[in-house]
2 protein chains.
Amino acid sequence: MSTKSSPRAPQRSRTASPNRRERAVDHRAAGAAAAPTFKPIHTRRTFEEICERIREQLALGVLKPGDKLPAERELAQQLGVSRNVLREALRSLEMAGVLRLQKGVKGGAFIQQGDTRRMNEVMRDMLSLGTISVRELSEARVHVLDLVVQLACANARRADLDALEANIERTELATREGRLLDRVECSREFYKLLAASTGNKVIAMIVDSVTEIHMRFVYAKVASSGVAMARLAEKRRQFLAALSERDVALASRLLRSHLESVQRMLEQDPGAMSLHVALADVQPGMRR
Amino acid sequence: MSTKSSPRAPQRSRTASPNRRERAVDHRAAGAAAAPTFKPIHTRRTFEEICERIREQLALGVLKPGDKLPAERELAQQLGVSRNVLREALRSLEMAGVLRLQKGVKGGAFIQQGDTRRMNEVMRDMLSLGTISVRELSEARVHVLDLVVQLACANARRADLDALEANIERTELATREGRLLDRVECSREFYKLLAASTGNKVIAMIVDSVTEIHMRFVYAKVASSGVAMARLAEKRRQFLAALSERDVALASRLLRSHLESVQRMLEQDPGAMSLHVALADVQPGMRR
DNA sequence: TTCCATTGAATGGGTGATCCATTTAATAAT
DNA sequence: ATTATTAAATGGATCACCCATTCAATGGAA
């Protein structure tokens with residue numbers, strides 16, 4: 001069996017590529033003879049290797065945001081792989097938010113500034129796959145937001161508070177004009193601004209991802225039932241006042257009680273709260 | 001210009017696919033004539049659409065972990081796309097931890113149980129890209145771990161405490177035998193167990209991702225300098241005792257002071273703390 | 001000269017055909 | 001019955017194209 005050659009005739013000009021991959025390690029010769037060398041698993045596929053190489057260059061600082069990779073055709077040749085498999089790797093990195101591919105002359109694969117929205121997608125997938133539950137997510141959100149309040153009280157700058165103020169004004173306007181769904185959008189932004197005011201992007205990223213999902217449920221609820229949180233802007237103002245005065249205890253209490261009331265709103269009529277309604281539109285949050 | 005046909009001769013049998021994609025919307029006919037219909041942007045690429053469709057099926061619950069997608073050749077035909085572009089989509093989903101591809105007869109694309117390690121990769125990329133800083137990461141870790149202690153005190157079960165106990169014993173053994181690097185591995189696991197004891201997988205996932213990176217720095221430090229945290233297991237025991245007695249204040253204080261001493265250890269000789277040393281090996285954490 | 005249309009090359013997007021390696025079930029040989 | 005062989009299905013990878021977009025260079029008209 002080991003000597004069986006391909007029955008096909010032409011066989012073309014394979015092994016023509018300069019850097020032929022070393023993966024083809026000749027399984028035939030190692031048949032049953034004198035080699036106690038257990039080559040490790042070796043299931044690593046080409047595109048994984050490519051991703052790894054590129055990430056390596058990134059970690060090493062050789063590649064930085066804004067840099068451009070060689071054109072696909074050229075890079076493929078450099079790596080000694082086909083263009084298709086290179087594209088699989090580039091696709092993966094693009095989905096990971098590491099690259100952005102741009103067409104045309106002067107196009108190419110550009111290293112991106114990290115896109116923090118990517119964590120949202122992780123959360124969504126985990127939820128879709130049933131790895132995490134809505135309950136765990138809500139619970140985590142409450143706790144993390146409590147932490148956020150502490151940090152925001154400690155670190156929020158004037159500009160942060162102003163941005164929150166402006167957000168509340170937009171909320172009031174939307175309320176007056178009865179644009180309920182816009183108000184939900186304002187809420188999403190409120191928490192984003194609040195998270196940013198901690199001055200810690202890691203925390204902000206976590207809060208954003210968890211809030212993004214939460215807001216989908218709120219959105220679905222508001223869109224389907226038309227209910228709306230009463231005195232929203234008013235509560236926000238009270239909270240912002242506490243935050244401005246660095247009153248952690250008060251701010252924390254206000255937010256927690258608000259979150260609880262939102263939770264109650266969501267939980268009445270739980271039938272409408274199905275996962276797929278909230279997660280249905282897969283794309284938002286990925287808008288560019 | 002609009003009537004210019006392809007100069008090439010053969011042109012092959014294109015448009016032969018049954019479900020030809022509707023993307024080819026005939027740009028020629030819409031030249032300058034009577035159509036005020038602004039077709040929306042439509043820059044969406046095929047593979048994105050495919051990913052979206054599959055994620056949609058997931059969110060809807062039509063696809064569940066363990067399910068198998070049709071074979072590539074067949075699915076490509078169903079979707080009316082080439083196998084290559086389908087593979088790009090599958091690759092992306094695989095990297096996202098949603099799918100796993102398996103070779104051979106009875107192989108195929110299987111929906112996975114969500115892999116929480118995926119968030120680690122997001123954090124690593126963010127760090128590599130300079131979107132977040134090591135400082136922010138450490139800070140976030142301290143705060144989140146403080147939260148974890150609270151939750152663990154409230155929710156840790158007997159089994160969780162036992163697992164922590166067992167971990168400490170392994171730590172002691174590694175210490176006695178001078179296996180410093182193994183001890184770092186024990187530490188990583190300690191925090192993983194601690195995070196799990198909160199009973200909230202979202203929190204656990206966050207802690208794990210942040211800890212995973214932190215431990216790379218510790219590992220690099222220990223590997224290069226040979227220094228080691230003094231009285232580690234002892235401190236762990238004290239902490240575990242506090243946790244067992246649900247003494248939040250004490251446990252929190254103990255952990256915080258430990259984290260601070262680790263931080264001091266890392267920060268002396270900051271030259272060895274470069275990013276690329278810690279992030280160099282891209283793959284770990286993705287071991288299967 | 002200045003401005004605008006045309007052209008052409010580079011680049012990512014996408015296709016189809018073909019081959020390889022692995023895995024498993026069915027089949028044949030012992 | 002057990003074991004080796006074969007065959008088929010499937011993911012992995014390659015090659016050779018073609019298309020659409022983008023943009024710099026070119027060239028002609030104002």
Side-chain angles (χ1 to χ4, degrees), chain A residues 1-2 4-17 20-21 23-28 41-50 68-77 79-91 94 99-110, chain B residues 1-2 4-17 20-21 23-28 41-50 68-77 79-91 94 99-110:
Chain A
M1 140 223 204
S2 58
K4 191 190 89 173
S5 182
S6 175
R8 305 301 214 293
Q11 188 70 347
R12 284 222 279 240
S13 66
R14 296 186 63 83
T15 69
S17 311
R20 201 68 185 80
R21 319 235 57 243
R23 291 177 54 260
V25 276
D26 194 8
H27 299 273
R28 291 154 299 267
I41 25 177
H42 184 303
T43 319
R44 195 78 124 313
R45 289 159 297 175
T46 312
F47 88 99
E48 287 178 295
E49 197 103 19
I50 298 173
K68 192 177 95 165
L69 262 46
E72 291 184 355
R73 291 164 175 83
E74 184 188 331
L75 185 52
Q77 199 176 23
L79 293 167
V81 301
S82 76
R83 197 182 151 212
N84 278 327
V85 81
L86 170 64
R87 292 179 101 243
E88 286 178 14
L90 294 180
R91 278 285 115 81
E94 191 188 15
L99 295 179
R100 184 168 144 246
L101 302 185
Q102 209 163 13
K103 271 216 233 179
V105 186
K106 298 293 170 189
F110 296 88
Chain B
M1 137 225 201
S2 58
K4 192 190 90 173
S5 181
S6 174
R8 304 301 213 293
Q11 186 70 348
R12 283 224 277 242
S13 66
R14 297 186 62 82
T15 68
S17 310
R20 201 67 184 81
R21 322 237 49 246
R23 291 174 54 260
V25 276
D26 194 8
H27 299 273
R28 292 155 299 268
I41 24 176
H42 187 304
T43 318
R44 195 81 121 311
R45 290 161 296 176
T46 312
F47 88 99
E48 288 178 297
E49 196 103 19
I50 298 172
K68 193 178 92 163
L69 262 46
E72 291 184 355
R73 292 163 175 83
E74 185 188 329
L75 185 52
Q77 198 175 24
L79 293 167
V81 301
S82 76
R83 198 181 151 212
N84 279 325
V85 80
L86 171 64
R87 279 167 66 79
E88 286 179 14
L90 294 180
R91 278 286 116 80
E94 191 188 15
L99 295 179
R100 184 169 143 247
L101 302 184
Q102 209 163 13
K103 270 214 232 178
V105 185
K106 297 294 169 189
F110 296 88

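Quantities reported herein were computed from a predicted structural model and do not represent experimental measurements. We name chains A, B, ... by the order of the sequence lines, and we start the count at 1 in each one.
- For the pair B/L90/B/I50, no side-chain contact is recorded, criterion being any heavy-atom separation below 4.5 Å from C-beta on.
- With rounding to whole Å, A/E72 atom CD is found 17 Å from D/dA16 atom P.
- Between D/dA13 and A/T46, a contact under 4.0 Å exists linking OP1 or OP2 to a side-chain N or O.
- In the displayed structure, A/K106 atom NZ is contacted under 6.0 Å by at most 12 heavy atoms of other residues, nucleotides or ligands.
- Here C/dT11 presents its P atom at 12 Å from CG of A/L75, a figure rounded to the nearest Å.
- At a cut-off of 3.5 angstrom, the base of C/dG12 holds no donor-acceptor pair with the side chain of B/R45.
- For B/S82, taking side-chain heavy atoms from C-beta onward, the closest of the listed nucleotides C/dG13, D/dC15, C/dG14 is C/dG14.
- Nucleotide D/dA13 holds its C1' atom 14 Å from the CD atom of A/E48, rounded to whole Å.
- Distance A/R73 CZ to D/dC18 P: 13 Å, rounded to the nearest Å.
- Separating the CD atom in A/E74 from the CG atom in A/L79 is a distance of 10.5 Å, to the nearest 0.5 Å.
- Across the interface with DNA chain D, nearest-nucleotide mapping of B/A109 and B/N84 shows B/A109 to be the residue nearer the 5′ end.
- A/L79 has its CG atom 13 Å from the P atom of D/dA13, to the nearest Å.
- At a cut-off of 3.5 angstrom, counting only N and O atoms as typed in the model, there is no donor on one side facing an acceptor on the other between the side-chain of B/R83 and the base of C/dG14.
- Expressed to the nearest 0.5 Å, how far CG of B/L86 lies from CG of B/L75 amounts to 5.0 Å.
- Between the CZ atom of A/R91 and the CZ atom of B/F47 there is a distance of 4.5 Å, given to the nearest 0.5 Å.
- The side chain of B/K103 approaches D/dG11 more closely than any other nucleotide in the set D/dG11, D/dA13, C/dG13.
- Distance from the side chain of B/R87 is smallest to D/dG11 among C/dA17, D/dG11, C/dT11.
- Note on A/E88 versus A/R83: no salt bridge recorded, every NZ/NE/NH1/NH2 to OD/OE distance being 4.0 Å or above.
- Residues B/G107 and A/L86 both approach DNA chain D. Their nearest nucleotides, taken by heavy-atom distance, put B/G107 toward the 5′ side.
- To the nearest 0.5 Å, the span separating OG1 on A/T46 from CG on A/N84 amounts to 12.0 Å.
- Contact annotation: B/R100 side-chain N/O to D/dG11 OP1/OP2 distance is not under 4.0 Å.
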Table of protein N/O atoms under 3.5 Å from nucleotides 6-9 of chain D N/O atoms:
from  : atom 1 : to     : atom 2 : distance (Å)
D/dA9 : N3     : B/V105 : N      : 3.4

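- Under a 4.0 Å N-O distance rule, the pair A/E72/A/R87 qualifies as a salt bridge.
- Across all strands shown, A/E88 has no heavy atoms under 4.0 Å from either base or sugar-phosphate atoms.
- Atom pair B/L101:CG and C/dA21:C1' shows a separation of 15 Å (rounding to whole Å applied).
- Remark: C1' of D/dG12 and CZ of A/R44 are 15 Å apart, rounded to the nearest angstrom.
- One can place CG of B/L99 at 11 Å from P of D/dG11, the figure rounded to the nearest angstrom.
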